[in-house]
Student: 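Dropping a structure here in structure tokens format, bear with me for questions.
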Amino acid sequence: QVQLVESGGGLVQPGGSLRLSCAASGFSLEGYAIGWFPQAPGKERERVSCVSGSDDSEWCADSVKGRFTIVRDNAKNTVYLQMNSLKPEDTAAYYCAASEDYGLGYTFRLAKHYDYWGQGTQVTVSS
């Protein structure tokens, strides 16, 4: 059974850091693109914050570039999202998603590109 489980969310002050984890079970992450999607209240879960391709390529949106880093650990079958210099506008539920990418994973930037989803973890940035 394919399963993605996120963890690591929480409440953090502006300027703080969090590391989110996405642990996969039932399949190997090798060959899959993994994306992290924020969903703020009342908004669609549409565009990725960062994506890690199966070829170790990576891409992050301009809004988080230089603050967020995506790291893949195939040995642990886990992908991490390191979030630094957090801002109140980063507040959202964060979902990880997976899809076979055939080497094109860094182009998988929209929710419609993904087949498997986790349950989400809440990140709240507030003083």
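Just so you know, these numbers use all the heavy atoms, side chains as well, and skip hydrogens, waters and symmetry mates. Throughout, residue positions are numbered sequentially from 1 according to the sequence presented.
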Student: Are the side chain of Asp101 and the backbone N or O of Gly53 linked by a donor-acceptor pair below 3.5 Å?
Tutor: no
Student: Evaluate Val5 against Gln119 for side chain to side chain contact (heavy atoms under 4.5 Å, CB included), listing each step before the verdict.
Tutor: CA-CA 7 Å; Val5 178; Gln119 83 290 348; 4.3 Å; yes
Student: Just so I know, are the side chains of Val51 and Glu58 near enough to count as touching, which here means a heavy-atom distance under 4.5 Å?
Tutor: no
Student: Check whether the side chains of Arg72 and Ser52 place a donor and an acceptor atom closer than 3.5 Å, and report yes or no.
Tutor: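 Yes, because at least one side-chain N or O of Arg72 sits under 3.5 Å from a partner of the opposite role on Ser52.
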Student: Please report the shortest heavy-atom distance between Ala24 and Leu29, naming the atom on each side.
Tutor: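 For Ala24 versus Leu29, the nearest heavy atoms are CB-CD2, 3.6 Å.
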Student: Set out, in order, the CA-CA distance, both residues' side-chain angles and the distance that settles side chain to side chain contact (heavy atoms under 4.5 Å, CB included) for Ser126 and Leu11, then state yes or no.
Tutor: CA-CA 7 Å; Ser126 175; Leu11 173 64; 4.2 Å; yes
Student: Answer yes if Phe68 and Val12 sit in the same cluster of Ile, Leu, Val, Met, Phe, Trp and Tyr residues linked by side chain heavy atoms under 4.5 Å apart, and no otherwise.
Tutor: yes
Student: Do Tyr95 and Val123 share a hydrophobic cluster (ILVMFWY, side-chain heavy atoms under 4.5 Å, transitive)?
Tutor: no
Student: Determine whether more than 12 heavy atoms belonging to other residues, nucleotides or ligands lie under 6.0 Å from atom OH of Tyr114.
Tutor: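 More than 12 within 6.0 Å, yes.
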Student: Identify the heavy atoms of Leu4 and Cys22 that sit nearest to each other, and give their distance.
Tutor: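 Closest approach of Leu4 to Cys22, heavy atoms only: CD2-SG, 3.9 Å.
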Student: Heavy atoms, side chains only, cut-off 4.5 Å: are Thr107 and Trp59 in contact?
Tutor: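 Side-chain contact under 4.5 Å: no.
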Student: Would Val79 end up clustered with Phe27 when hydrophobic side chains under 4.5 Å apart are linked, directly or stepwise?
Tutor: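 Val79 clusters together with Phe27.
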Student: Would you call Asp62 and Lys65 a salt bridge, using N to O less than 4.0 angstrom?
Tutor: yes
Student: Do Ser49 and Cys60 have side-chain heavy atoms sitting under 4.5 Å apart?
Tutor: no
Student: Where do Glu6 and Gly120 come nearest, in terms of heavy atoms and distance?
Tutor: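 Heavy atoms of Glu6 and Gly120 come nearest at OE1-N, 2.9 Å.
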Student: So which atom in Arg47 and which in Pro38 form the shortest heavy-atom distance, rounded to 0.1 Å?
Tutor: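 Looking at all heavy atoms of both residues, the closest pair is O-CD, 3.5 Å.
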Student: With a cut-off of under 6.0 Å to the ring centre and 45° to the axis, is Arg19 in cation-pi contact with Tyr80?
Tutor: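 Pair Arg19/Tyr80 counts as cation-pi.
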Student: What distance separates Tyr102 OH from Ser54 OG, expressed to the nearest 0.5 Å?
Tutor: 10.0 Å
Student: Cut-off 3.5 Å, side chains only: do Thr78 and Asp73 have a donor facing an acceptor?
Tutor: no
Student: Over all heavy atoms of both residues, which pair between Val64 and Cys50 is shortest? Give the atoms and the distance, please.
Tutor: CG2-SG, 4.0 Å
Student: Does the side chain of Gln3 reach to within under 4.5 Å of the side chain of Ser25, using non-hydrogen atoms?
Tutor: yes
Student: For Gln122 and Thr91, what are the C-alpha separation, side-chain angles and deciding distance, and is it a side chain to side chain contact (heavy atoms under 4.5 Å, CB included)?
Tutor: CA-CA 8 Å; Gln122 179 66 36; Thr91 295; 4.1 Å; yes
Student: Please answer whether the main-chain N or O of Tyr94 pairs with a side-chain N or O of Thr121 as donor and acceptor at a distance below 3.5 Å.
Tutor: no
Student: With side chain to side chain contact (heavy atoms under 4.5 Å, CB included) as the test, would you mind laying out the steps for Arg67 and Ser85 before giving the verdict?
Tutor: CA-CA 6 Å; Arg67 300 189 298 120; Ser85 302; 4.0 Å; yes
Student: Could you grab the distance from atom CG of Leu18 to atom CG of Asn84, nearest 0.5 Å is fine?
Tutor: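 One finds 9.5 Å between CG of Leu18 and CG of Asn84.
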Student: Answer with yes or no whether the hydrophobic clustering places Leu81 together with Tyr32; edges join I, L, V, M, F, W, Y residues whose side-chain heavy atoms lie under 4.5 Å apart.
Tutor: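 Linked, Leu81 and Tyr32 end up in one cluster.
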Student: Could you tell me which non-hydrogen atom of Ser57 sits nearest to which non-hydrogen atom of Tyr106, and how far apart they are?
Tutor: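 It is OG-CB, 3.3 Å.
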Student: With a 4.5 Å cut-off on side-chain heavy-atom distances among I, L, V, M, F, W and Y, is there a chain of contacts connecting Leu86 to Trp36?
Tutor: yes
Student: Is the distance between the ring centroids of Trp117 and Phe37 under 6.0 Å?
Tutor: yes
